[in-house]
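Labels below follow one simple rule: chain letters A, B, ... track the order of the sequence lines, proteins then strands, and each chain is numbered from 1.
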Amino acid sequence: MKIASWNVNSINARLPRILEWFDAATPDVCVLQEIKCLDEKFPVGAFEDRGYNCELHGQKTYNGVALLSKFPVEDVIRGLPGNDDDDQSRYIEAMVFPDDAEPVRVGGLYLPNGNPAPGPKYDYKLGWMAHLKARAEALLKTEEAFILTGDYNVIPQAEDVHNPAAWADDALFLPATRAAFREIENLGLTDALRHLYPYDVFYTFWDYQRGAWQKDHGIRIDHVMLSPQAADRLTSGGVDRTTRDPGFGSQEAKPSDHVPVWITLD
DNA sequence: ATGGTTGCCCCGCAA
């Protein structure tokens with residue numbers, strides 16, 4: 001089964017391009033971030049036509065996440081457990097039941113950006129990461145296969161950014177941010193794409209400004225984190241960077257600043 | 001050192 005994540009930066013502004021990618025990549029499960037709309041404004045029909053069950057946790061203007069699955073889903077959770085006073089829609093989770101494999105729990109997340117740091121936005125980011133860590137700890141105790149994937153807004157290492165010095169004071173790359181990410185990883189989760197490509201340089205986001213895409217000045221911030229039981233089943237993965245190219249797919253819409261990441265499990 | 005882009009939606013904010 002194929003599981004993907006994509007920060008689309010507005011589902012409605014980019015729908016033609018997004019659908020072309022779904023038709024080409026045919027993920028069984030895909031979590032989306034920054035849909036930037038309320039649930040009732042999400043183009044559910046376009047995805048139901050393609051066989052997806054749509055679970056939404058939308059928000060007007062900002063944030064908003066979705067979990068789309070060709071397989072039945074149960075036990076849908078909207079919002080990070082234990083973070084009940086969070087008014088930003090950044091987390092959705094469900095148990096997925098493939099017809100040809102064991103169930104897997106999928107959490108889709110849009111971790112706060114945190115800039116400017118220091119400040120209240122950065123405090124919110126670190127607090128959110130603490131809640132994510134607690135969720136990972138709780139799920140690990142089940143000893144079940146799960147994945148936590150999405151836009152982490154964390155550059156794990158210097159290898160994951162074209163110019164580390166330029167990002168030294170950014171909330172995505174500060175030592176405290178990377179330490180909080182390591183705390184989660186070191187619970188026993190596998191960074192699937194870094195695991196598959198230990199020595200490669202590859203990015204998932206390029207700023208719209210300063211010709212970042214043309215110069216490949218990117219950062220790796222979209223991650224697929226696997227529980228041990230999910231890591232046992234990992235068979236492949238990748239980054240679909242072609243979707244960032246202006247020449248990809250429909251010219252009716254501009255590309256997102258992020259590209260999809262995906263893995264397959266047996 | 002500055003400025004450069006995009007989406008939402010009403011104009012500045014978030015990224």
Measuring only the [atom1] atom in each nucleotide, how far is [N] from [M]? A whole number of Å is fine.
N	M	atom1	value
dC10(B)	dA14(B)	C1'	15 Å
dG3(B)	dG7(B)	P	22 Å
dA15(B)	dG4(B)	C1'	14 Å

Partner residues of Arg50(A) under the side chain to side chain donor-acceptor pair (under 3.5 Å) criterion, sequence neighbours left out: Asp23(A)
Let me know the distance between [atom1] of [X] and [atom2] of [N], rounded to the nearest Å.
X	N	atom1	atom2	answer
Arg90(A)	dA14(B)	CZ	P	11 Å
Gln59(A)	dC8(B)	CD	P	14 Å
Gln88(A)	dA15(B)	CD	C1'	13 Å
Leu111(A)	dA15(B)	CG	P	11 Å
Lys36(A)	dG7(B)	NZ	P	8 Å
Glu34(A)	dA15(B)	CD	P	7 Å
Asp170(A)	dA14(B)	CG	P	15 Å
Tyr122(A)	dA14(B)	OH	C1'	18 Å

Centroid-centroid distance, Trp6(A) to Trp262(A), less than 6.0 Å: no
is_close_aromatic(Phe181(A), Tyr152(A)), centroid dist under 6.0 Å: yes
Salt-bridge criterion met for Lys60(A) and Asp39(A) (N-O under 4.0 Å): no
Criterion ring pair (Phe, Tyr, Trp, His ring centres under 6.0 Å) against His258(A), the qualifying member of Trp213(A), Phe205(A), Tyr208(A): Phe205(A)
Touch class at under 4.0 angstrom, heavy-atom based, for Phe205(A) against every strand present: nothing
Test item: Asp257(A) side-chain N/O and Asp207(A) main-chain N/O as donor-acceptor pair under 3.5 Å: no
Residues in contact with DNA chain B, drawn from residues 5-23 of chain A - heavy-atom cutoff 4.0 Å: Ser10(A), Ala13(A), Arg14(A)
Close approaches to DNA chain B from residues 207-217 of chain A, in residue order (heavy atom, under 4.0 Å): Tyr208(A), Gln209(A), Arg210(A)
Arg220(A): which of Asp151(A), Asp200(A), Asp160(A) passes salt bridge (charged side-chain N to carboxylate O under 4.0 Å, His left out): Asp160(A)
Nucleotide nearest Lys121(A) when distance is taken to its side chain, options dC8(B), dA14(B), dG7(B): dA14(B)
Which residue lies more 5' along DNA chain B, comparing Lys60(A) with Lys254(A) via nearest heavy atoms: Lys254(A)
Exercise: do Glu34(A) and Ser10(A) side chains pair donor with acceptor under 3.5 Å: no
Between Asn9(A) and Lys36(A), a side-chain donor and acceptor under 3.5 Å: yes
